[in-house]
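For reference, the structure discussed in these notes is given below.
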Amino acid sequence: MKSRRRKVSNAHDSSGLSLVELLIAMALGVLLAGGALGAYLAGKRQYLYDDAAARILENGRYATRLLARELEMSGFYAGLVGGQRPPAQGVGVDCNSGPWALDARRPLELVDAHSGSGVPVTSGGTNLTCVDGTYVVP
């Protein structure tokens, strides 16, 4: 006679994961993925900050070079002979209330050949009553 053995199921013989083990593994995976995402976002944020700072620095260098060149060339009139200078360009506007600097309809005027006393008069004939004539120098 053949004897039949009964197989007893043991916890050590089972294959697969229990629900608790699966939940713990998923929680650890989510934590690791969150940490990796946080590190990536921090690196990206730092890259954008460094890029913006580099752009500001480069713009500053460009402005400094441009301003240095303009200051070096101040007073140079491209070799005009005999002290000739180009005609004066508009630098001022008549005194009025309101944002005159933003009014593009009005042409700019200048004060030329002011004696230093009295009311300054622009090249267009406008009296600048709001400007003290003693502060206007030739």
Would you tabulate the side-chain donor-acceptor contacts of residues 30-45 under 3.5 Å, counting partners in other chains and residues two or more places apart, or write 'none'?
none

Show which side-chain atoms of residues 18-26 pair as donor or acceptor with protein atoms under 3.5 Å away, not counting sequence neighbours.
{"unit_1": "Ser18", "atom_1": "OG", "unit_2": "Glu21", "atom_2": "N", "d": "3.4"}
{"unit_1": "Glu21", "atom_1": "OE1", "unit_2": "Ser18", "atom_2": "N", "d": "3.0"}

Checklist entry - Restricting to pairs with a member in residues 47-57, which pass side chain to side chain donor-acceptor pair (under 3.5 Å), not counting sequence neighbours? => result Gln46-Asp50, Asp51-Arg55

Item to check | Spacing of Leu66 atom CG and Asn59 atom CG [to the nearest 0.5 Å] | outcome: 12.0 Å

